There are 2 protein chains.
Amino acid sequence: MHRGYDDPHCAIARSLEILGDGWTLMILREAFLGTRRFADFERHLRISKNVLSKRLAHLVDEGVFTKVDAGQFGARYEYRLTSKGKDLLTVFTALRQWGDRWVFGEEREPMLVHDRQTGSPILPVRIRRADGTPIPSRDLELRPGPGASDAQLERWHASQDD
Amino acid sequence: MHRGYDDPHCAIARSLEILGDGWTLMILREAFLGTRRFADFERHLRISKNVLSKRLAHLVDEGVFTKVDAGQFGARYEYRLTSKGKDLLTVFTALRQWGDRWVFGEEREPMLVHDRQTGSPILPVRIRRADGTPIPSRDLELRPGPGASDAQLERWHASQDD
DNA sequence: CAGTATCCTCGCAGATACTG
DNA sequence: CAGTATCTGCGAGGATACTG
């Protein structure tokens, strides 16, 4: 399919090339809820062995999971999120907040992520501007501004033409 | 397929039921880059009319886009992000930041979103804890803590058993 | 338990042609 | 320009059986 991969410089396109598949995203959500074993992913997600195996292998390939022998000498493995994988917390947090706001209309369950050093839970997580002020999500406007690149400006103006 | 929709209370599962399709996510990315017209989505993404039409209609149904007659009396329409759609900025920002960090290793192009009232660009966006401190993304740990629900604790302990 | 090996089917996505 | 209608294929995903 090669979705919009005309643009190899777009971080989102590249990221979605790795993650942008329905099952992969659900597997990662499951991982953030604490699941680590093959059989548990299989049962919770009701996904076929075949597909699960492929997706997990792919994510290990991409460095999102590590496969760890959990001490049962081949009879039991664990898929653990790497730093790269855990860093997707932000993506899933954003997704969860969106769903809470627009699908449910309330705040809901957090995920199980903690700071290893302090031991304190990384919650609640909020998405803010760099200066700490919240984003006025209901009053946003799309147009090019000071931060826009030449490529963006070009595309923008092309969109305005007939 | 009904991916993991065993859990209708999970905001992420529900959100992905709406968005969790490769093309849909790419269409939204494109919208955040300023694209609004059918032909432009078609050309930039190199997607077939058929699929594009279905996805756009679905997103209009879900209230993510509004379809606006752009004054050419049926000869020209625009798909504009609603508030619900614009609020996905956080999801794509998180995705872009992840890609920048783990795929490219640098900070890159922002999107074209502005505050309508102040007129200033909503950038840079960062994901923080509620108290404003940054998240130590490389040193996270997965385990249940004070914020965990009963359902999460149950699932967690089940994962630890043989 | 954690997969691989086959087989099979359904529907997603592309191509093309047509319409208001 | 912005779609709908139709046809077609191919591959993702499920089911089942088997293995270390």
Side-chain angles (χ1 to χ4, degrees), chain A residues 1-6 13 16-28 30-31 35-61 65-80 158-162, chain B residues 1-6 13 16-28 30-31 35-61 65-80 158-162:
Chain A
M1 197 208 295
H2 275 286
R3 290 183 300 260
Y5 202 62
D6 59 320
L16 289 177
E17 206 72 23
I18 299 173
L19 313 167
D21 151 65
W23 274 129
T24 299
L25 290 166
M26 286 301 290
I27 289 168
L28 285 166
E30 195 60 29
T35 299
R36 295 194 283 206
R37 282 160 46 192
F38 190 95
D40 290 332
F41 283 110
E42 192 182 0
R43 188 155 20 86
H44 294 146
L45 295 174
R46 290 180 302 189
I47 182 179
S48 70
K49 287 171 173 297
N50 211 336
V51 175
L52 177 58
S53 176
K54 274 208 177 79
R55 292 292 178 279
L56 286 174
H58 181 234
L59 289 171
V60 168
D61 255 28
F65 280 124
T66 17
K67 184 175 176 177
V68 177
D69 188 316
Q72 311 283 317
F73 309 107
R76 177 168 166 179
Y77 298 95
E78 285 184 1
Y79 291 89
R80 298 193 189 160
S159 291
Q160 307 308 307
D161 296 343
D162 292 342
Chain B
M1 195 205 299
H2 276 285
R3 291 183 298 260
Y5 202 62
D6 59 321
L16 289 177
E17 206 73 22
I18 299 173
L19 313 167
D21 151 65
W23 274 129
T24 299
L25 291 167
M26 286 301 290
I27 288 168
L28 285 166
E30 195 61 29
T35 299
R36 295 194 281 206
R37 281 160 47 192
F38 189 94
D40 290 333
F41 283 110
E42 191 181 1
R43 189 155 19 85
H44 293 147
L45 295 175
R46 290 181 302 190
I47 183 179
S48 70
K49 287 171 173 297
N50 211 335
V51 176
L52 178 58
S53 176
K54 274 209 177 78
R55 292 291 178 280
L56 286 175
H58 181 232
L59 289 171
V60 168
D61 254 28
F65 279 124
T66 16
K67 185 174 175 178
V68 177
D69 188 315
Q72 310 285 314
F73 308 106
R76 177 168 167 180
Y77 298 95
E78 285 185 0
Y79 290 89
R80 298 194 189 159
S159 290
Q160 308 307 307
D161 297 342
D162 291 343

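From a predicted model like this one, the values you see are computed outputs, not experimental measurements. Labels below follow one simple rule: chain letters A, B, ... track the order of the sequence lines, proteins then strands, and each chain is numbered from 1.
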Between [atom2] on [N] and [atom1] on [X], what's the gap in Å once rounded to a whole number?
{"X": "B:R36", "N": "D:dC1", "atom1": "CZ", "atom2": "P", "value": "17 Å"}
{"X": "B:D69", "N": "C:dG20", "atom1": "CG", "atom2": "P", "value": "18 Å"}
{"X": "A:F65", "N": "C:dA2", "atom1": "CZ", "atom2": "C1'", "value": "15 Å"}
{"X": "A:L52", "N": "D:dG14", "atom1": "CG", "atom2": "C1'", "value": "13 Å"}
{"X": "B:I27", "N": "D:dA2", "atom1": "CD1", "atom2": "C1'", "value": "15 Å"}
{"X": "B:R46", "N": "C:dA13", "atom1": "CZ", "atom2": "P", "value": "16 Å"}
{"X": "B:D21", "N": "D:dA12", "atom1": "CG", "atom2": "P", "value": "14 Å"}
{"X": "A:L45", "N": "C:dA2", "atom1": "CG", "atom2": "P", "value": "14 Å"}

Next item on the list: May I ask you to evaluate whether B:R55 reaches the phosphate of C:dC12, defined as a side-chain N or O under 4.0 Å from OP1 or OP2?
Entry: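 It does not, given that no N or O in the side chain of B:R55 lies less than 4.0 Å from OP1 or OP2 of C:dC12.
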
Check: For A:Y79 and C:dG3, is the shortest distance between a side-chain N/O and OP1 or OP2 below 4.0 Å?
Finding: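 For C:dG3, OP1/OP2 do have a side-chain N/O of A:Y79 under 4.0 Å.
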
Of all the heavy-atom pairs spanning [X] and [Y], show the shortest one and how long it is.
{"X": "B:D69", "Y": "B:R76", "value": "OD1-O, 3.8 Å"}
{"X": "B:F38", "Y": "B:K49", "value": "CZ-O, 3.8 Å"}
{"X": "A:M26", "Y": "A:L45", "value": "O-CD2, 4.0 Å"}
{"X": "A:T24", "Y": "A:I18", "value": "CG2-O, 4.1 Å"}

Check: Roughly how far, to the nearest 0.5 Å, is the CD1 atom of A:I27 from the NE2 atom of A:H58?
Finding: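 That separation rounds to 11.0 Å.
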
Notebook entry, point to check: Based on Watson-Crick and G-U pairs with both distances under 3.5 Å, what dot-bracket line describes DNA chain D 5' to 3', crossing pairs as [ ] and inter-strand pairs as |?
Noted result: ||||||||||||||||||||

Nearest-nucleotide pick for [X], side chain only, options being [options]:
{"X": "A:W23", "options": "C:dG14, D:dA2, D:dG14", "value": "D:dG14"}
{"X": "A:R37", "options": "D:dG14, C:dC1, D:dA2", "value": "C:dC1"}
{"X": "A:V51", "options": "D:dG13, D:dA2, C:dG14", "value": "D:dG13"}

Next item on the list: Carefully, step by step, assess A:W23 and A:L52 under the rule side chain to side chain contact (heavy atoms under 4.5 Å, CB included).
Entry: CA-CA 8 Å; A:W23 274 129; A:L52 177 58; over 6 Å; no

Check: B:T35 side chain to B:F41 main-chain N or O, any donor-acceptor pair under 3.5 Å?
Finding: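 Flag not set: sc B:T35 to bb B:F41 has no pair under 3.5 Å.
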
Notebook entry, point to check: Under the 3.5 angstrom rule, does the side chain of B:T66 hit a backbone N or O of B:R80 as a donor-acceptor pair?
Noted result: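 Such a contact is found between B:T66 side chain and B:R80 backbone.
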
Check: Relative to the 5' end of DNA chain D, which residue comes earlier, B:K67 or A:S48, by the nucleotide with the nearest heavy atom?
Finding: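 Its nearest nucleotide being more 5', the pick is B:K67.
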
Next item on the list: Report the C-alpha distance between B:Y79 and B:L59 in whole Å, list the side-chain angles of each, state the deciding distance to 0.1 Å, and finish with yes or no for side chain to side chain contact (heavy atoms under 4.5 Å, CB included).
Entry: CA-CA 10 Å; B:Y79 290 89; B:L59 289 171; over 6 Å; no

Under-3.5 Å N/O pairs linking protein and nucleotides 4-8 of chain C:
residue : atom : partner : partner atom : Å
C:dT4   : OP2  : A:S53   : OG           : 2.4
C:dT6   : O4   : A:N50   : ND2          : 2.8

